2 protein chains.
Amino acid sequence: MHAPDKLSIVPLAHSPCGCSLCPTRHLCAAADLEEDVLPLLAACMRTSLPMAKGDHLYREGDPAESCFVVRSGVYKTSTVSSSGHEYITGFYFSGELIGFNGQRDGRYLDTAIALETSTVCRLHIRDLPKLWSIGGGPPLLRMLAERQDCATRQQINLCQSRADARVARFLLESSKRMQRLGRDSALIPMPMSRTDLANYLGITLECLSRILARFRNAGLIRAERTEIQILVLANLESLAFHTS
Amino acid sequence: MHAPDKLSIVPLAHSPCGCSLCPTRHLCAAADLEEDVLPLLAACMRTSLPMAKGDHLYREGDPAESCFVVRSGVYKTSTVSSSGHEYITGFYFSGELIGFNGQRDGRYLDTAIALETSTVCRLHIRDLPKLWSIGGGPPLLRMLAERQDCATRQQINLCQSRADARVARFLLESSKRMQRLGRDSALIPMPMSRTDLANYLGITLECLSRILARFRNAGLIRAERTEIQILVLANLESLAFHTS
DNA sequence: CGTCGCTTTGATAGCCTTCAAGAAATGTGG
DNA sequence: CCACATTTCTTGAAGGCTATCAAAGCGACG
(Lines give C-alpha, C1' and ligand atoms only; values in the text may rest on other atoms or scores of the structure.)
Protein backbone atom coordinates (compact mmCIF):
# COMPACT_ATOMS: atom_id res chain seq x y z
CA MET A 1 0.00 0.00 0.00
CA HIS A 2 2.68 2.47 1.01
CA ALA A 3 6.21 2.33 2.38
CA PRO A 4 6.44 2.02 6.17
CA ASP A 5 8.90 4.91 6.24
CA LYS A 6 6.33 7.12 4.55
CA LEU A 7 7.35 9.99 6.77
CA SER A 8 10.64 10.40 4.98
CA ILE A 9 8.69 11.01 1.81
CA VAL A 10 7.69 14.45 3.05
CA PRO A 11 10.50 16.45 1.52
CA LEU A 12 12.36 18.70 3.92
CA ALA A 13 14.20 21.85 3.01
CA HIS A 14 17.95 21.41 3.15
CA SER A 15 18.53 24.33 5.45
CA PRO A 16 16.80 24.99 8.78
CA CYS A 17 13.59 26.91 8.40
CA GLY A 18 14.97 30.18 9.68
CA CYS A 19 12.25 31.08 12.15
CA SER A 20 13.54 34.64 12.28
CA LEU A 21 12.25 35.16 8.77
CA CYS A 22 9.06 33.11 9.06
CA PRO A 23 5.98 35.22 8.31
CA THR A 24 3.92 33.16 10.75
CA ARG A 25 6.39 32.93 13.63
CA HIS A 26 4.03 34.77 15.98
CA LEU A 27 1.59 31.85 15.69
CA CYS A 28 3.72 28.93 16.84
CA ALA A 29 6.31 28.07 19.48
CA ALA A 30 8.31 31.11 18.42
CA ALA A 31 5.58 33.41 19.70
CA ASP A 32 6.90 33.85 23.22
CA LEU A 33 10.62 33.54 22.46
CA GLU A 34 13.19 36.28 22.36
CA GLU A 35 14.56 37.17 18.96
CA ASP A 36 18.02 35.85 19.82
CA VAL A 37 16.90 32.29 20.57
CA LEU A 38 15.01 31.88 17.31
CA PRO A 39 18.05 30.33 15.63
CA LEU A 40 18.07 27.73 18.41
CA LEU A 41 14.39 27.05 17.75
CA ALA A 42 15.17 26.67 14.07
CA ALA A 43 17.59 23.92 15.06
CA CYS A 44 14.64 21.92 16.50
CA MET A 45 12.31 22.39 13.54
CA ARG A 46 12.64 21.59 9.85
CA THR A 47 10.40 23.18 7.26
CA SER A 48 8.93 20.96 4.56
CA LEU A 49 9.07 21.80 0.90
CA PRO A 50 5.68 22.90 -0.45
CA MET A 51 3.21 20.02 -0.57
CA ALA A 52 0.62 19.92 -3.34
CA LYS A 53 -3.13 19.61 -2.88
CA GLY A 54 -3.94 16.00 -2.05
CA ASP A 55 -0.46 15.09 -0.77
CA HIS A 56 -0.28 13.06 2.42
CA LEU A 57 1.61 14.48 5.38
CA TYR A 58 1.31 11.11 7.11
CA ARG A 59 -1.03 8.13 7.08
CA GLU A 60 -2.99 6.37 9.79
CA GLY A 61 -0.76 3.68 11.26
CA ASP A 62 2.55 5.21 10.18
CA PRO A 63 5.20 5.22 12.93
CA ALA A 64 5.02 8.62 14.63
CA GLU A 65 8.31 10.22 15.59
CA SER A 66 7.25 13.81 14.90
CA CYS A 67 4.46 16.26 15.12
CA PHE A 68 3.95 19.26 12.87
CA VAL A 69 2.96 22.92 12.93
CA VAL A 70 1.22 24.23 9.84
CA ARG A 71 3.30 27.02 8.34
CA SER A 72 1.14 27.86 5.34
CA GLY A 73 -1.92 26.44 3.64
CA VAL A 74 -4.54 24.07 5.09
CA TYR A 75 -4.61 20.41 6.04
CA LYS A 76 -7.42 18.01 6.92
CA THR A 77 -7.27 14.90 9.10
CA SER A 78 -9.48 11.87 8.67
CA THR A 79 -9.82 8.41 10.11
CA VAL A 80 -11.53 5.25 8.92
CA SER A 81 -13.80 3.35 11.28
CA SER A 82 -13.85 -0.42 11.56
CA SER A 83 -16.97 -0.36 9.39
CA GLY A 84 -15.01 1.31 6.61
CA HIS A 85 -16.69 4.71 6.88
CA GLU A 86 -14.41 7.75 6.68
CA TYR A 87 -14.68 10.57 9.22
CA ILE A 88 -13.15 14.03 8.78
CA THR A 89 -11.82 14.96 12.22
CA GLY A 90 -10.32 18.40 11.69
CA PHE A 91 -9.07 21.24 9.51
CA TYR A 92 -5.74 22.90 10.33
CA PHE A 93 -4.58 26.41 9.48
CA SER A 94 -1.28 28.24 10.05
CA GLY A 95 0.19 27.88 13.52
CA GLU A 96 -1.90 24.85 14.46
CA LEU A 97 -0.44 21.62 15.79
CA ILE A 98 -1.07 18.41 13.87
CA GLY A 99 -0.10 14.79 14.35
CA PHE A 100 0.49 14.81 18.09
CA ASN A 101 -1.96 11.97 18.63
CA GLY A 102 0.76 9.67 17.33
CA GLN A 103 2.35 9.87 20.76
CA ARG A 104 -0.35 7.69 22.27
CA ASP A 105 1.18 4.48 21.01
CA GLY A 106 3.83 5.51 18.52
CA ARG A 107 1.61 5.39 15.45
CA TYR A 108 -0.54 8.09 13.93
CA LEU A 109 -4.23 7.69 14.67
CA ASP A 110 -5.40 9.64 11.62
CA THR A 111 -4.37 10.60 8.10
CA ALA A 112 -3.33 14.17 7.24
CA ILE A 113 -3.75 15.56 3.73
CA ALA A 114 -2.99 18.99 2.27
CA LEU A 115 -6.09 20.77 0.93
CA GLU A 116 -4.03 23.22 -1.08
CA THR A 117 -0.35 24.02 -1.59
CA SER A 118 0.93 23.96 1.99
CA THR A 119 4.01 23.72 4.17
CA VAL A 120 4.62 22.50 7.72
CA CYS A 121 7.40 22.74 10.29
CA ARG A 122 8.38 19.32 11.54
CA LEU A 123 9.27 18.76 15.20
CA HIS A 124 10.96 15.54 16.22
CA ILE A 125 9.67 14.26 19.53
CA ARG A 126 13.24 13.53 20.60
CA ASP A 127 13.98 17.24 20.27
CA LEU A 128 11.34 18.22 22.82
CA PRO A 129 13.86 18.51 25.68
CA LYS A 130 15.98 20.81 23.53
CA LEU A 131 12.89 22.86 22.67
CA TRP A 132 12.06 23.05 26.35
CA SER A 133 15.58 24.16 27.30
CA ILE A 134 15.37 27.26 25.11
CA GLY A 135 12.03 28.28 26.59
CA GLY A 136 9.76 26.61 24.09
CA GLY A 137 7.91 24.62 26.75
CA PRO A 138 5.05 27.00 27.54
CA PRO A 139 4.24 27.78 23.89
CA LEU A 140 4.21 24.06 23.15
CA LEU A 141 1.84 23.43 26.04
CA ARG A 142 -0.31 26.26 24.75
CA MET A 143 -0.51 24.74 21.30
CA LEU A 144 -1.33 21.32 22.77
CA ALA A 145 -4.09 22.82 24.90
CA GLU A 146 -5.37 24.83 21.94
CA ARG A 147 -5.65 21.68 19.85
CA GLN A 148 -7.41 19.97 22.73
CA ASP A 149 -9.84 22.83 23.13
CA CYS A 150 -10.52 22.88 19.40
CA ALA A 151 -11.67 19.25 19.52
CA THR A 152 -13.80 19.97 22.58
CA ARG A 153 -15.48 22.95 20.93
CA GLN A 154 -16.29 20.86 17.90
CA GLN A 155 -17.63 18.18 20.24
CA ILE A 156 -19.93 20.82 21.73
CA ASN A 157 -20.93 22.01 18.28
CA LEU A 158 -21.96 18.49 17.31
CA CYS A 159 -24.13 18.23 20.42
CA GLN A 160 -26.31 20.90 18.85
CA SER A 161 -28.83 18.75 17.03
CA ARG A 162 -29.95 21.44 14.64
CA ALA A 163 -27.93 21.40 11.48
CA ASP A 164 -28.24 25.14 10.81
CA ALA A 165 -26.76 25.87 14.23
CA ARG A 166 -23.80 23.60 13.46
CA VAL A 167 -23.12 25.39 10.20
CA ALA A 168 -23.49 28.80 11.83
CA ARG A 169 -21.08 27.82 14.61
CA PHE A 170 -18.60 26.48 12.09
CA LEU A 171 -18.65 29.82 10.28
CA LEU A 172 -18.22 31.75 13.54
CA GLU A 173 -15.40 29.46 14.65
CA SER A 174 -13.69 29.91 11.30
CA SER A 175 -14.17 33.65 11.56
CA LYS A 176 -12.32 33.74 14.88
CA ARG A 177 -9.57 31.65 13.34
CA MET A 178 -9.16 34.15 10.51
CA GLN A 179 -9.03 36.95 13.04
CA ARG A 180 -6.26 35.14 14.91
CA LEU A 181 -4.36 34.84 11.65
CA GLY A 182 -4.68 38.58 11.08
CA ARG A 183 -6.91 38.07 8.06
CA ASP A 184 -10.37 39.40 7.21
CA SER A 185 -12.60 37.75 9.79
CA ALA A 186 -15.63 37.99 7.50
CA LEU A 187 -14.00 36.04 4.67
CA ILE A 188 -14.00 32.30 5.35
CA PRO A 189 -11.83 30.21 3.02
CA MET A 190 -13.39 26.90 2.01
CA PRO A 191 -10.54 24.79 0.63
CA MET A 192 -12.40 21.59 1.57
CA SER A 193 -15.13 19.98 -0.50
CA ARG A 194 -18.76 20.25 0.57
CA THR A 195 -18.68 16.53 1.15
CA ASP A 196 -15.78 16.84 3.61
CA LEU A 197 -17.38 19.74 5.45
CA ALA A 198 -20.72 17.93 5.75
CA ASN A 199 -18.89 14.87 7.04
CA TYR A 200 -17.01 17.01 9.60
CA LEU A 201 -20.28 18.60 10.74
CA GLY A 202 -22.09 15.28 11.02
CA ILE A 203 -24.78 16.14 8.49
CA THR A 204 -25.46 15.07 4.93
CA LEU A 205 -24.12 16.83 1.88
CA GLU A 206 -27.65 17.74 0.79
CA CYS A 207 -28.54 19.20 4.15
CA LEU A 208 -25.43 21.39 4.17
CA SER A 209 -26.19 22.60 0.67
CA ARG A 210 -29.75 23.47 1.66
CA ILE A 211 -28.66 25.36 4.76
CA LEU A 212 -26.08 27.40 2.87
CA ALA A 213 -28.76 28.24 0.32
CA ARG A 214 -31.09 29.26 3.15
CA PHE A 215 -28.40 31.48 4.70
CA ARG A 216 -27.69 33.00 1.30
CA ASN A 217 -31.36 33.69 0.57
CA ALA A 218 -31.69 35.29 3.99
CA GLY A 219 -28.82 37.61 3.12
CA LEU A 220 -26.60 36.30 5.93
CA ILE A 221 -23.74 35.13 3.74
CA ARG A 222 -22.39 35.25 0.22
CA ALA A 223 -21.48 31.67 -0.62
CA GLU A 224 -19.04 30.75 -3.35
CA ARG A 225 -17.38 27.50 -4.13
CA THR A 226 -14.09 28.21 -2.35
CA GLU A 227 -14.98 30.94 0.10
CA ILE A 228 -17.88 32.27 2.13
CA GLN A 229 -18.32 35.87 3.13
CA ILE A 230 -20.19 36.64 6.33
CA LEU A 231 -22.56 39.55 5.76
CA VAL A 232 -24.60 39.68 8.98
CA LEU A 233 -22.62 38.33 11.91
CA ALA A 234 -25.29 39.01 14.51
CA ASN A 235 -27.93 36.85 12.86
CA LEU A 236 -25.48 33.97 12.53
CA GLU A 237 -24.70 34.25 16.22
CA SER A 238 -28.34 34.12 17.23
CA LEU A 239 -28.78 31.06 15.02
CA ALA A 240 -25.67 29.41 16.50
CA PHE A 241 -26.85 29.64 20.08
CA HIS A 242 -30.57 29.33 19.59
CA THR A 243 -31.56 26.26 21.63
CA SER A 244 -34.84 25.03 20.29
CA MET B 1 -19.14 33.43 43.72
CA HIS B 2 -15.95 31.63 44.71
CA ALA B 3 -12.47 32.56 45.84
CA PRO B 4 -9.99 33.17 43.01
CA ASP B 5 -7.51 30.85 44.71
CA LYS B 6 -10.05 28.09 44.57
CA LEU B 7 -7.35 25.61 43.65
CA SER B 8 -5.94 25.69 47.12
CA ILE B 9 -9.28 24.54 48.42
CA VAL B 10 -8.66 21.07 47.06
CA PRO B 11 -7.16 19.52 50.16
CA LEU B 12 -3.84 17.79 49.63
CA ALA B 13 -2.45 14.97 51.70
CA HIS B 14 0.37 16.11 53.96
CA SER B 15 2.80 13.49 52.71
CA PRO B 16 3.71 12.77 49.10
CA CYS B 17 1.42 10.26 47.50
CA GLY B 18 3.88 7.42 47.53
CA CYS B 19 3.50 6.19 43.99
CA SER B 20 5.22 2.94 44.92
CA LEU B 21 2.14 1.97 46.90
CA CYS B 22 -0.48 3.40 44.52
CA PRO B 23 -2.87 0.71 43.31
CA THR B 24 -3.29 2.50 39.97
CA ARG B 25 0.35 3.39 39.28
CA HIS B 26 0.37 1.30 36.10
CA LEU B 27 -2.21 3.69 34.58
CA CYS B 28 -0.41 7.04 34.85
CA ALA B 29 3.05 8.51 34.37
CA ALA B 30 4.45 5.83 36.66
CA ALA B 31 3.61 3.15 34.10
CA ASP B 32 6.92 3.22 32.23
CA LEU B 33 9.17 4.16 35.11
CA GLU B 34 11.56 1.92 36.99
CA GLU B 35 10.65 1.08 40.55
CA ASP B 36 13.58 3.04 41.95
CA VAL B 37 12.55 6.39 40.45
CA LEU B 38 8.98 6.23 41.76
CA PRO B 39 9.94 8.18 44.89
CA LEU B 40 11.22 10.93 42.56
CA LEU B 41 7.90 10.87 40.73
CA ALA B 42 6.11 11.15 44.04
CA ALA B 43 8.04 14.37 44.61
CA CYS B 44 6.34 15.87 41.52
CA MET B 45 2.82 14.78 42.37
CA ARG B 46 0.59 15.38 45.37
CA THR B 47 -2.43 13.24 46.08
CA SER B 48 -5.64 14.96 47.11
CA LEU B 49 -7.67 13.94 50.10
CA PRO B 50 -10.87 12.15 49.08
CA MET B 51 -13.35 14.51 47.45
CA ALA B 52 -17.08 13.95 47.96
CA LYS B 53 -19.67 13.59 45.21
CA GLY B 54 -20.42 17.04 43.83
CA ASP B 55 -17.16 18.66 44.97
CA HIS B 56 -15.40 20.89 42.47
CA LEU B 57 -11.84 20.03 41.45
CA TYR B 58 -11.61 23.39 39.70
CA ARG B 59 -13.95 25.89 38.06
CA GLU B 60 -14.05 27.43 34.60
CA GLY B 61 -11.94 30.59 34.70
CA ASP B 62 -9.83 29.61 37.71
CA PRO B 63 -6.10 30.27 37.25
CA ALA B 64 -4.55 27.03 36.04
CA GLU B 65 -1.16 26.12 37.48
CA SER B 66 -1.74 22.37 37.59
CA CYS B 67 -3.26 19.46 35.81
CA PHE B 68 -4.50 16.27 37.44
CA VAL B 69 -4.54 12.52 37.00
CA VAL B 70 -7.56 10.71 38.39
CA ARG B 71 -6.41 8.25 41.05
CA SER B 72 -9.78 6.83 42.07
CA GLY B 73 -13.43 7.56 41.38
CA VAL B 74 -14.92 9.48 38.46
CA TYR B 75 -15.06 13.14 37.43
CA LYS B 76 -17.07 15.02 34.83
CA THR B 77 -16.16 18.24 33.02
CA SER B 78 -18.66 20.78 31.77
CA THR B 79 -18.66 24.22 30.22
CA VAL B 80 -21.28 26.93 29.85
CA SER B 81 -21.86 28.52 26.47
CA SER B 82 -22.42 32.21 25.98
CA SER B 83 -26.13 31.46 25.71
CA GLY B 84 -26.08 30.00 29.21
CA HIS B 85 -26.55 26.38 28.17
CA GLU B 86 -24.39 23.79 29.95
CA TYR B 87 -22.50 21.14 27.99
CA ILE B 88 -20.98 18.00 29.51
CA THR B 89 -17.65 17.57 27.74
CA GLY B 90 -16.20 14.43 29.33
CA PHE B 91 -16.11 11.71 31.99
CA TYR B 92 -12.77 10.77 33.54
CA PHE B 93 -11.77 7.48 35.17
CA SER B 94 -8.58 6.31 36.92
CA GLY B 95 -5.36 7.17 35.12
CA GLU B 96 -6.91 9.82 32.89
CA LEU B 97 -5.56 13.35 32.57
CA ILE B 98 -7.84 16.25 33.43
CA GLY B 99 -7.47 20.02 33.44
CA PHE B 100 -4.68 20.33 30.92
CA ASN B 101 -6.71 22.72 28.76
CA GLY B 102 -5.91 25.39 31.36
CA GLN B 103 -2.50 25.71 29.69
CA ARG B 104 -4.00 27.44 26.68
CA ASP B 105 -4.21 30.78 28.40
CA GLY B 106 -3.58 30.11 32.07
CA ARG B 107 -7.22 29.61 33.05
CA TYR B 108 -9.29 26.47 33.06
CA LEU B 109 -11.70 26.25 30.14
CA ASP B 110 -14.13 23.91 31.90
CA THR B 111 -15.39 22.92 35.33
CA ALA B 112 -14.48 19.55 36.89
CA ILE B 113 -16.76 17.89 39.44
CA ALA B 114 -16.46 14.56 41.28
CA LEU B 115 -19.33 12.17 40.48
CA GLU B 116 -18.56 10.01 43.52
CA THR B 117 -15.95 9.86 46.26
CA SER B 118 -12.76 10.41 44.28
CA THR B 119 -9.10 11.35 44.51
CA VAL B 120 -6.63 12.90 42.06
CA CYS B 121 -2.88 13.34 41.83
CA ARG B 122 -1.96 16.94 41.24
CA LEU B 123 0.89 17.89 38.93
CA HIS B 124 2.23 21.44 39.00
CA ILE B 125 3.08 22.67 35.54
CA ARG B 126 6.32 24.11 36.89
CA ASP B 127 7.34 20.58 37.86
CA LEU B 128 7.12 19.31 34.29
CA PRO B 129 10.87 19.66 33.66
CA LYS B 130 11.55 17.66 36.81
CA LEU B 131 9.06 15.04 35.68
CA TRP B 132 10.79 14.94 32.33
CA SER B 133 14.23 14.55 33.88
CA ILE B 134 13.27 11.34 35.65
CA GLY B 135 11.87 9.81 32.48
CA GLY B 136 8.28 10.87 32.88
CA GLY B 137 8.19 12.65 29.53
CA PRO B 138 6.96 9.85 27.26
CA PRO B 139 4.22 8.70 29.65
CA LEU B 140 3.02 12.29 29.95
CA LEU B 141 2.92 12.66 26.18
CA ARG B 142 1.03 9.40 26.00
CA MET B 143 -1.58 10.64 28.47
CA LEU B 144 -1.92 13.92 26.57
CA ALA B 145 -2.39 12.09 23.29
CA GLU B 146 -4.83 9.68 24.92
CA ARG B 147 -6.95 12.60 26.14
CA GLN B 148 -6.79 14.14 22.69
CA ASP B 149 -7.86 10.92 21.05
CA CYS B 150 -10.70 10.50 23.52
CA ALA B 151 -12.16 13.86 22.47
CA THR B 152 -11.73 12.97 18.80
CA ARG B 153 -13.47 9.62 19.22
CA GLN B 154 -16.38 11.33 20.93
CA GLN B 155 -16.43 13.87 18.09
CA ILE B 156 -16.75 10.95 15.67
CA ASN B 157 -19.44 9.38 17.80
CA LEU B 158 -21.47 12.58 17.68
CA CYS B 159 -21.21 12.65 13.88
CA GLN B 160 -23.35 9.52 13.91
CA SER B 161 -26.79 11.06 13.59
CA ARG B 162 -28.65 8.06 14.91
CA ALA B 163 -29.10 8.24 18.63
CA ASP B 164 -29.07 4.49 19.20
CA ALA B 165 -25.67 4.26 17.52
CA ARG B 166 -24.35 7.00 19.85
CA VAL B 167 -25.54 5.13 22.92
CA ALA B 168 -24.16 1.83 21.63
CA ARG B 169 -20.77 3.41 20.94
CA PHE B 170 -20.72 5.02 24.35
CA LEU B 171 -21.28 1.61 25.94
CA LEU B 172 -18.56 0.01 23.81
CA GLU B 173 -16.14 2.86 24.57
CA SER B 174 -16.88 2.50 28.27
CA SER B 175 -16.38 -1.24 28.01
CA LYS B 176 -12.88 -0.77 26.59
CA ARG B 177 -12.16 1.68 29.37
CA MET B 178 -13.16 -0.88 32.00
CA GLN B 179 -10.96 -3.44 30.30
CA ARG B 180 -8.04 -1.03 30.46
CA LEU B 181 -8.69 -0.60 34.17
CA GLY B 182 -8.60 -4.35 34.64
CA ARG B 183 -12.26 -4.48 35.59
CA ASP B 184 -15.16 -6.45 34.15
CA SER B 185 -15.55 -5.06 30.63
CA ALA B 186 -19.23 -6.02 30.54
CA LEU B 187 -20.13 -3.99 33.61
CA ILE B 188 -20.40 -0.28 32.84
CA PRO B 189 -20.61 2.00 35.88
CA MET B 190 -23.04 4.89 35.47
CA PRO B 191 -22.14 7.40 38.18
CA MET B 192 -23.55 10.24 36.09
CA SER B 193 -27.21 11.19 35.87
CA ARG B 194 -29.23 10.32 32.79
CA THR B 195 -29.49 14.04 32.13
CA ASP B 196 -25.70 14.43 32.06
CA LEU B 197 -25.22 11.40 29.83
CA ALA B 198 -27.89 12.58 27.39
CA ASN B 199 -26.25 16.01 27.33
CA TYR B 200 -22.84 14.42 26.66
CA LEU B 201 -24.30 12.33 23.83
CA GLY B 202 -26.11 15.27 22.27
CA ILE B 203 -29.57 13.76 22.62
CA THR B 204 -32.50 14.47 24.90
CA LEU B 205 -33.10 12.78 28.20
CA GLU B 206 -36.27 11.17 26.87
CA CYS B 207 -34.57 9.80 23.79
CA LEU B 208 -31.79 8.23 25.88
CA SER B 209 -34.35 6.66 28.19
CA ARG B 210 -36.27 5.22 25.25
CA ILE B 211 -33.14 3.78 23.66
CA LEU B 212 -31.99 2.13 26.87
CA ALA B 213 -35.48 0.65 27.21
CA ARG B 214 -35.28 -0.61 23.64
CA PHE B 215 -31.86 -2.17 24.26
CA ARG B 216 -33.18 -3.76 27.44
CA ASN B 217 -36.27 -5.16 25.74
CA ALA B 218 -34.09 -6.57 22.98
CA GLY B 219 -32.05 -8.38 25.63
CA LEU B 220 -28.85 -6.50 24.74
CA ILE B 221 -28.26 -4.96 28.16
CA ARG B 222 -29.42 -5.06 31.75
CA ALA B 223 -29.91 -1.43 32.74
CA GLU B 224 -29.95 -0.26 36.32
CA ARG B 225 -29.78 3.19 37.72
CA THR B 226 -26.04 3.18 38.49
CA GLU B 227 -24.68 0.50 36.21
CA ILE B 228 -25.36 -1.19 32.90
CA GLN B 229 -24.40 -4.74 32.09
CA ILE B 230 -23.68 -5.64 28.48
CA LEU B 231 -25.28 -8.96 27.62
CA VAL B 232 -24.79 -9.25 23.86
CA LEU B 233 -21.69 -7.35 22.74
CA ALA B 234 -21.94 -8.34 19.07
CA ASN B 235 -25.38 -6.80 18.54
CA LEU B 236 -24.27 -3.55 20.17
CA GLU B 237 -21.31 -3.44 17.81
CA SER B 238 -23.46 -3.92 14.74
CA LEU B 239 -25.74 -1.13 15.99
CA ALA B 240 -22.77 1.15 16.69
CA PHE B 241 -21.37 0.94 13.19
CA HIS B 242 -24.56 0.57 11.24
CA THR B 243 -24.53 3.50 8.83
CA SER B 244 -28.07 4.08 7.64
C1' DC C 1 -46.23 8.79 54.82
C1' DG C 2 -45.81 12.59 51.77
C1' DT C 3 -42.90 15.54 49.05
C1' DC C 4 -39.58 16.29 45.66
C1' DG C 5 -36.44 15.13 42.07
C1' DC C 6 -35.28 11.87 38.64
C1' DT C 7 -36.68 8.68 35.26
C1' DT C 8 -39.90 6.44 32.17
C1' DT C 9 -43.63 6.38 28.85
C1' DG C 10 -47.00 8.47 25.41
C1' DA C 11 -48.50 11.51 21.28
C1' DT C 12 -47.60 15.04 17.96
C1' DA C 13 -44.92 17.99 15.02
C1' DG C 14 -40.76 19.31 12.77
C1' DC C 15 -36.30 18.38 10.94
C1' DC C 16 -33.13 15.62 8.66
C1' DT C 17 -32.06 11.60 5.82
C1' DT C 18 -32.74 9.16 1.82
C1' DC C 19 -33.52 8.48 -2.97
C1' DA C 20 -33.70 10.73 -7.35
C1' DA C 21 -32.74 13.97 -10.91
C1' DG C 22 -31.05 18.17 -12.73
C1' DA C 23 -27.48 22.06 -12.83
C1' DA C 24 -22.95 23.71 -12.49
C1' DA C 25 -18.10 23.28 -12.36
C1' DT C 26 -13.91 20.83 -13.36
C1' DG C 27 -10.86 18.27 -16.21
C1' DT C 28 -9.46 16.13 -20.66
C1' DG C 29 -8.65 15.37 -25.50
C1' DG C 30 -9.05 16.95 -29.95
C1' DC D 1 -10.19 27.17 -27.67
C1' DC D 2 -14.06 24.26 -27.68
C1' DA D 3 -16.73 19.91 -27.01
C1' DC D 4 -17.50 16.29 -24.04
C1' DA D 5 -17.08 13.34 -19.89
C1' DT D 6 -16.84 13.28 -15.08
C1' DT D 7 -17.21 15.01 -10.73
C1' DT D 8 -19.31 18.12 -7.60
C1' DC D 9 -23.05 20.67 -6.14
C1' DT D 10 -27.97 21.98 -5.95
C1' DT D 11 -32.88 21.18 -5.75
C1' DG D 12 -37.19 18.27 -5.07
C1' DA D 13 -40.42 14.86 -2.61
C1' DA D 14 -41.45 11.23 0.78
C1' DG D 15 -40.52 8.79 4.99
C1' DG D 16 -38.32 8.00 9.48
C1' DC D 17 -36.29 9.62 13.65
C1' DT D 18 -35.81 12.74 17.26
C1' DA D 19 -37.41 16.92 19.87
C1' DT D 20 -40.99 18.73 22.35
C1' DC D 21 -44.81 18.88 25.39
C1' DA D 22 -47.32 16.32 28.82
C1' DA D 23 -48.17 13.07 32.41
C1' DA D 24 -47.36 9.11 35.14
C1' DG D 25 -43.97 5.87 37.82
C1' DC D 26 -40.35 5.40 40.95
C1' DG D 27 -37.04 6.19 44.64
C1' DA D 28 -34.64 9.11 47.99
C1' DC D 29 -35.22 11.55 51.98
C1' DG D 30 -37.01 13.97 55.74
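Letters A, B, ... mirror the listed sequences (proteins, then strands); counts begin at 1. This is a predicted model, so every value here is computed, not measured.
Listed by chain and residue number, A/Arg153 satisfy the salt bridge (charged side-chain N to carboxylate O under 4.0 Å, His left out) test with A/Glu173 (two or more places apart in sequence, or in another chain). Residues passing the salt bridge (charged side-chain N to carboxylate O under 4.0 Å, His left out) test with A/Arg194: none are found, sequence neighbours excluded.
For the segment residues 188-203 of chain A, the set of residues with a heavy atom within less than 4.0 Å of an atom of DNA chain C comprises A/Gly202, A/Ile203, in numerical order. Applying a 4.0 Å cut-off to non-hydrogen atoms, none of the residues of residues 217-231 of chain B approaches DNA chain D.
Both A/Ala213 and B/Leu208 lie close to DNA chain D; mapped to their nearest nucleotides by heavy-atom distance, the more 5′-ward contact belongs to A/Ala213.
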Any chance you could lay out the side-chain contact (heavy atoms from CB on, under 4.5 Å) test for B/Phe215 and B/Ile228, step after step, and finish with the verdict? CA-CA 11 Å; B/Phe215 285 0; B/Ile228 289 181; over 6 Å; no
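One axis for each end of the helix from C/dC1-D/dG30 to C/dG30-D/dC1, each built from five base pairs, and the angle between them comes to 50° at 10° resolution.
A donor and an acceptor atom, one from each side chain of B/Ser72 and B/Thr119, are located under 3.5 Å apart. Checking B/Asp110 against B/Tyr87 by side-chain atom types alone, no donor-acceptor pair falls below 3.5 Å. A donor and an acceptor atom, one from each side chain of B/Thr89 and B/Thr77, are located under 3.5 Å apart. Between the side chains of B/Thr24 and B/Arg71, not a single donor N or O lies within less than 3.5 Å of an accepting N or O. Judged by distance alone, the side chains of A/Thr111 and A/Arg59 never bring a donor and an acceptor atom under 3.5 Å apart.
Rounding to whole angstrom units, CG of residue A/Leu212 and P of D/dC9 are separated by 11 Å. When the P atom of D/dC9 is taken as reference, atom CD1 of A/Ile211 falls 16 Å away, rounded to whole Å. Here the P atom of nucleotide D/dA19 and the CG atom of A/Asp164 are 15 Å apart, to the nearest Å. Rounded to whole Å, the distance from CG on B/Leu205 to C1' on C/dC6 is 8 Å. Distance CG (A/Leu158) to C1' (D/dT18): 17 Å, rounded to an integer number of Å.
For D/dT18, the OP1/OP2 oxygens have no side-chain nitrogen or oxygen of B/Thr204 closer than 4.0 Å. Remark: A/Ser161 is in phosphate contact with D/dA19, judged by side-chain N or O atoms under 4.0 Å from OP1 or OP2.
The main-chain N or O of B/Ala213 is found under 3.5 Å from a side-chain atom of B/Asn217 such that the two form a donor-acceptor pair. Distance alone, capped at 3.5 Å, places no donor-acceptor pair between the B/Ser118 side chain and the B/Ala114 backbone.
Contact check on A/Arg107 versus A/Glu60 returns no salt bridge, with no Lys/Arg side-chain nitrogen under 4.0 Å from an Asp/Glu carboxylate oxygen. The existence of a salt bridge linking B/Glu146 and A/Arg104 is confirmed by a sub-4.0 Å separation between a basic side-chain nitrogen and an acidic carboxylate oxygen.
No more than 12 heavy atoms of other residues, nucleotides or ligands lie within 6.0 Å of CD in B/Gln179, so this atom counts as exposed by the packing criterion.
Considering only side-chain atoms of A/Ala163, the nucleotide from D/dT10, C/dC16, C/dT8 that sits closest is C/dC16.
In this structure, the side chains of A/Leu27 and A/Val70 stay at 4.5 Å or more apart for every pair of heavy atoms.
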Quick test: give all pairs of protein nitrogen or oxygen and nucleotides 10-14 of chain C nitrogen or oxygen below 3.5 Å, distance rounded to 0.1 Å.
residue, atom, partner, partner atom, Å
C/dG10, N7, B/Arg210, NH1, 2.9
C/dG10, O6, B/Arg210, NH2, 3.2
C/dA11, N6, B/Arg210, NH2, 3.3

